[in-house]
Protein chains: 2
Amino acid sequence: MKATIYDVAKNAGVSIATVSKVINNNGRISDKTRKKVLKIMKDLDYQPSFAAAALTGKRTNTIGLLIPDLANPFFAEIARSIEDRGHELGVSVVMCSTDKNKEKEEKYVSLLVRKSVDGFILASGFSNVEVVEDLLKKKIPVAMIAQDVPTLLVDTLSVDDYKGGYLATVHLLSLEHKRIAVIGEVARSSDDRIRGYKEALQQSGHLVHDDYIVRSESSIEGGRKAADHLLNQSNPPTAIFACNDLLAIGVIQAVQARGLVVPNDVSIIGFDNTILATTSDPALTTIAQPIHEMGQFIMDLLIQEIEGKKTVKRRMLLLPELVVRNSTAKPSVSVEKQLT
Amino acid sequence: MKATIYDVAKNAGVSIATVSKVINNNGRISDKTRKKVLKIMKDLDYQPSFAAAALTGKRTNTIGLLIPDLANPFFAEIARSIEDRGHELGVSVVMCSTDKNKEKEEKYVSLLVRKSVDGFILASGFSNVEVVEDLLKKKIPVAMIAQDVPTLLVDTLSVDDYKGGYLATVHLLSLEHKRIAVIGEVARSSDDRIRGYKEALQQSGHLVHDDYIVRSESSIEGGRKAADHLLNQSNPPTAIFACNDLLAIGVIQAVQARGLVVPNDVSIIGFDNTILATTSDPALTTIAQPIHEMGQFIMDLLIQEIEGKKTVKRRMLLLPELVVRNSTAKPSVSVEKQLT
DNA sequence: CTGAAAGCGCTAACAA
DNA sequence: TTGTTAGCGCTTTCAG
C-alpha cells in the first residue's frame with residue numbers, strides 16, 4: 001500500500017513527530033535528521049495525505065468555484081485564470097456550474113463545505129444571498145467576482161461596469177451615431193452598464209429613449225430576439241450596445257439575417273472580449289474585461305482571507321478597455337437619410 | 001464549532017455507531033431511532049465530514065479531470081457535461097488545465113492523488129504515459145476521453161475519428177469538390193481523421209495529394225497559417241477540411257483576408273461542433289462530436305471502475321455526425337475553370 | 001533537538 | 001437493534 005508517515009519514521013529511525021516536522025518544516029530539526037528523513041521520503045515515494053491533515057484542522061488547499069456555466073466562454077476563461085493562479089499557489093479548484101439556479105447553488109455549496117474546502121469564489125450570477133450569509137456566519141472565506149451585492153460584506157472584484165457602458169457608448173457617439181440602443185440582461189452588472197450608457201448619452205446632449213433599452217436573457221438567441229425587436233421599431237437604432245459578447249453575436253446574426261450589413265447599416269459593440277469577439281465576422285468591437293488579471297486577483301484575495309492576513313473586506317474595481325475591431329463604424333449616409 | 005457525529009449521538013441519546021449507521025444507512029436500525037437521529041442531524045445542521053470518512057478508506061466522491069485547456073470551448077463543453085453527470089452522481093470534479101505540458105500533468109496528478117481523489121478522467125492531449133501507468137499500478141481508476149493510447153489498458157471513450165474524417169470528406173466530395181485539402185494537428189485523433197479523409201478520396205477514385213495534407217498547432221492562428229500555405233500553392237484546393245473548429249475559424253479568416261468568399265470560392269468544414277461553429281460567419285459546417293453524451297458516458301465508466309463493478313476495460317467509439325451549415329457549397333464555376 | 005501521546009471525525013468489526 | 005472500541009494518517013502540545 002501507500003507509504004504512511006509511520007513507514008517513513010520507521011525507515012528513518014525517528015518518530016513520526018519528527019517526520020511531521022520536516023514535512024511542514026517547523027520545529028527545530030537538525031540538518032542531519034532532516035536530510036535523512038527527506039531521503040527516506042523520496043525513496044518510499046511518500047506523499048502526505050491531505051485527508052488526514054485536514055482532519056487535524058489544517059487547510060485542504062482546495063477551494064470551490066461557483067459559476068453560472070462553464071460552457072460559456074466568458075466564465076470558462078475566468079475559471080481558467082483562477083485555476084492557473086490556484087496551481088501557482090498550490091490550491092486546487094473544484095468547479096460547479098450553477099445555471100443561476102438557487103437549489104444548485106445551495107446544494108453545491110453545502111457539498112463543498114462538507115468536503116472542507118478552504119473557501120469559495122462566487123462568480124457573477126450567484127443569486128442565493130442566504131447561502132452567502134450562511135457561509136459568512138460559518139466564517140468560511142468567500143470572495144465574489146464580476147458581481148457585487150452591496151449588502152454583503154464580502155471581498156469583491158469586478159470590472160467597472162458603469163465605466164464600461166460609458167466607454168462603449170462614447171465610442172459609438174464618437175462615430176457620430178445618434179440612435180444608439182442597448183441590450184442588457186437582468187443583472188446588476190448590466191444595470192450599471194446601462195447607467196453608463198445613459199450618462200454618456202446625456203453628457204453629449206442626447207435624450208435617453210426608453211424604447212432603445214431592452215432586456216434579454218444572456219444568450220445568442222436572446223440577442224437575436226432583442227435585436228429584432230429593436231430593428232422593428234419605426235425609428236430603428238443605427239448602433240447597438242450589447243451588454244455581453246454572446247448577446248452581441250446574436251445581434252450580428254439578426255442584423256445580417258435582414259440583409260443588412262455590419263457595421264455599415266448597424267454598428268454593434270459587445271462587452272467582455274471573449275474568444276467569440278475574435279471569431280465572429282465582422283470581428284467584434286467590444287469592451288474588454290481584464291479576465292486574466294481578475295482571475296489572479298480574486299484568487300489572491302481569497303487566499304489572503306483564508307490565511308487570515310487581512311480583516312478588512314475589500315471591493316475592487318478594475319478598469320475595462322475599449323477594443324476596436326470591425327463591427328463599428330460611422331453610420332452610412334444612406335441609412336442616416338433614410339431613417340432620420 | 002461545526003457539529004460532529006458525537007454531538008448528534010449525544011443529543012439523540014445513542015452511540016456514534018448508530019449515527020454512523022443511519023448516515024450510511026446500513027446495519028439494522030429501528031425506525032424510531034433512525035427518525036430521532038435524522039431529526040437531530042437536521043436540528044444541528046450536521047454535515048458529515050468527508051475528510052474523516054476518507055481517512056477510514058471511504059471514497060471522497062471527488063475525481064480529477066485533466067484537460068489541455070479549459071478556455072478552449074471544446075474542452076469547456078466536455079468539462080461541463082462531465083461536471084453535470086458528476087453532480088447527478090454526487091461527485092465533485094476538480095479541473096486542471098495541463099496545456100499538454102508533461103510537468104504539469106505529473107504535478108497535478110500527484111497533487112490529486114494526495115488529495116485522495118477516487119479516480120481520474122484524462123482528456124485528449126494527455127501525453128505523459130508514465131504518469132498513467134503509475135496510476136494504473138497504484139490501482140487508481142482512470143478513464144480517458146477523446147484520446148486513446150492503444151498501449152494503455154484503460155477505459156477509453158472517443159468519437160470515431162476515422163469515420164469523422166471520412167464523413168467530412170465525403171460531404172465535400174458530394175459537393176463535387178475535386179481539390180480537397182486537410183489541416184490536422186499533430187495528434188492521434190487528427191491522424192485518424194486524416195486516414196478517413198484519404199480513404200474517402202481513394203474510394204471515390206481521387207488521388208491523395210501530399211501537398212494537400214498539412215499539420216498545424218491547434219489554434220486559430222495555426223489555421224490561418226496553414227490555410228495561407230495551402231492557398232499559395234500553384235493549384236490551390238477548393239475545399240479545406242480542418243480537423244477542429246478552431247483551425248476552421250482560422251481558415252475562414254485566412255480565406256476572407258484574401259478577399260475570397262466562403263463557401264463560394266473555398267468551402268470549409270470543421271470538426272467538433274463547438275459554439276464557435278455557430279458564431280462564425282458563415283456558420284461552420286462541421287463534424288459533430290456528441291459532447292454531452294461523451295461527458296456523461298465517461299463519468300459513468302469511471303464510476304463503475306471506482307465501484308469495482310467491472311473488471312474488463314472497455315474502449316468505446318461514439319459516432320460523429322455531419323452538421324451542415326453555410327461554410328460548404330459546390331465550387332463555383334469560375335473557380336473551377338480558373339484553376340483546373 | 002526529538003519523541004510520546006492525545007486527539008481530529010468517522011467507519012467497521014465485534015460484542016452485547 | 002445498538003454500543004464499544006480500535007484504528008485511518010497526521011498535527012501538536014508537552015516532556016525529555
Side-chain angles (χ1 to χ4, degrees), chain A residues 1-38 40-41 44-62 90 110-118 138, chain B residues 1-38 40-41 44-62 110-118 138 307:
Chain A
M1 263 309 284
K2 272 183 58 180
T4 74
I5 199 171
Y6 287 97
D7 301 321
V8 177
K10 195 181 305 168
N11 280 275
V14 298
S15 75
I16 60 167
T18 302
V19 177
S20 173
K21 279 168 194 153
V22 351
I23 292 170
N24 302 287
N25 83 76
N26 54 16
R28 352 217 101 271
I29 306 279
S30 73
D31 228 53
K32 215 177 75 199
T33 41
R34 170 188 312 286
K35 288 232 175 73
K36 187 171 51 187
V37 171
L38 250 17
I40 302 288
M41 284 181 18
L44 264 46
D45 191 25
Y46 166 71
Q47 311 273 92
S49 146
F50 271 93
L55 201 52
T56 70
K58 278 189 62 166
R59 293 168 41 189
T60 54
N61 288 297
T62 302
S110 102
L111 182 66
L112 293 183
V113 168
R114 287 183 52 191
K115 291 196 174 166
S116 318
V117 297
D118 297 329
K138 288 185 180 147
Chain B
M1 262 311 284
K2 271 183 56 179
T4 74
I5 199 172
Y6 288 97
D7 301 321
V8 177
K10 196 181 305 166
N11 280 274
V14 298
S15 76
I16 60 166
T18 303
V19 178
S20 174
K21 279 167 196 153
V22 351
I23 292 170
N24 302 288
N25 84 75
N26 53 17
R28 350 217 103 269
I29 307 279
S30 74
D31 228 52
K32 215 178 77 199
T33 41
R34 172 189 309 286
K35 289 232 174 72
K36 187 169 55 186
V37 171
L38 251 17
I40 302 288
M41 285 181 15
L44 265 46
D45 190 27
Y46 165 72
Q47 312 273 91
S49 147
F50 270 95
L55 201 51
T56 72
K58 278 190 62 165
R59 293 167 42 189
T60 53
N61 287 299
T62 302
S110 101
L111 182 66
L112 292 183
V113 168
R114 287 183 52 191
K115 291 196 175 165
S116 319
V117 295
D118 297 329
K138 289 185 181 146
E307 293 179 340

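We name chains A, B, ... by the order of the sequence lines, and we start the count at 1 in each one.
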Handout entry: Atom-pair distance (CZ on A/R59; P on C/dC8), nearest Å
Key = 22 Å
Exercise for the section: Could you check how far CZ of B/F50 sits from P of C/dC10, rounded to whole Å? Expected result: 11 Å
Practice task
Please check the phosphate of D/dT12 (OP1 and OP2 only) for any side-chain N or O of A/T56 closer than 4.0 Å.
Solution key: no
Fill in the blank from the handout: To the nearest angstrom, the CD-P distance between A/Q47 and D/dC10 comes to 11 Å
Handout entry: Side-chain touch A/K21/A/T18, heavy atoms, less than 4.5 angstrom
Key = no
Practice task
Ignoring backbone atoms, establish whether A/Y46 has a side-chain N or O less than 4.0 Å from OP1 or OP2 of D/dC10.
Solution key: yes
Exercise for the section: Answer yes or no: is there a side-chain heavy-atom contact under 4.5 Å between B/K35 and B/L38? Expected result: no
Exercise for the section: Only counting residues at least two apart or in another chain, list the ones meeting side-chain contact (heavy atoms from CB on, under 4.5 Å) with A/N25. Expected result: A/R34
Exercise for the section: Could you check if a side-chain atom of A/I40 sits within less than 4.5 angstrom of a side-chain atom of A/V19, using non-hydrogen atoms only? Expected result: no
Practice task
Starting at atom NZ of B/K58, determine the distance to atom P of C/dA12, rounded to an integer number of angstrom.
Solution key: 6 Å
Fill in the blank from the handout: note: B/R28, atom CZ; D/dG3, atom P; distance rounded to Å ~ 16 Å
Problem - Those residues of residues 15-25 of chain A lying under 4.0 Å from DNA chain C by at least one heavy atom - result: A/S15, A/A17, A/T18, A/K21
Practice task
Establish whether the base of C/dC8 is bridged to the side chain of B/Y6 by a donor-acceptor pair shorter than 3.5 Å.
Solution key: no
Completion exercise
A/I5 atom CD1 is separated from C/dA6 atom C1', nearest whole Å, by 15 Å
Handout entry: A/T33 side-chain N/O to C/dT2 phosphate OP1/OP2 under 4.0 Å
Key = yes
Exercise for the section: Ignoring the backbone of A/N26, work out which of C/dG9, D/dT12, D/dC10 is nearest its side chain. Expected result: D/dT12
Exercise for the section: Please tell me if the side chains of B/Y46 and B/I23 come closer than 4.5 Å, counting only heavy atoms from C-beta onward. Expected result: yes
Let me check something: any side-chain donor-acceptor pairs from residues 110-117 of chain B under 3.5 Å, sequence neighbours excluded? List them with distances.
residue: B/R114; atom: NE; partner: A/P48; partner atom: O; Å: 3.0
residue: B/K115; atom: NZ; partner: A/N61; partner atom: O; Å: 2.6
residue: B/K115; atom: NZ; partner: A/T62; partner atom: OG1; Å: 3.1
residue: B/K115; atom: NZ; partner: A/S92; partner atom: OG; Å: 2.6

Practice task
Check whether more than 12 heavy atoms from other residues, nucleotides or ligands sit under 6.0 Å from atom NZ of B/K138, and answer yes or no.
Solution key: yes
Problem - Length of the line joining B/I29:CD1 and C/dA12:P, which is rounded to integer Å - result: 13 Å
Problem - Interatomic distance, B/R34 CZ vs D/dT1 P [rounded to whole Å] - result: 10 Å
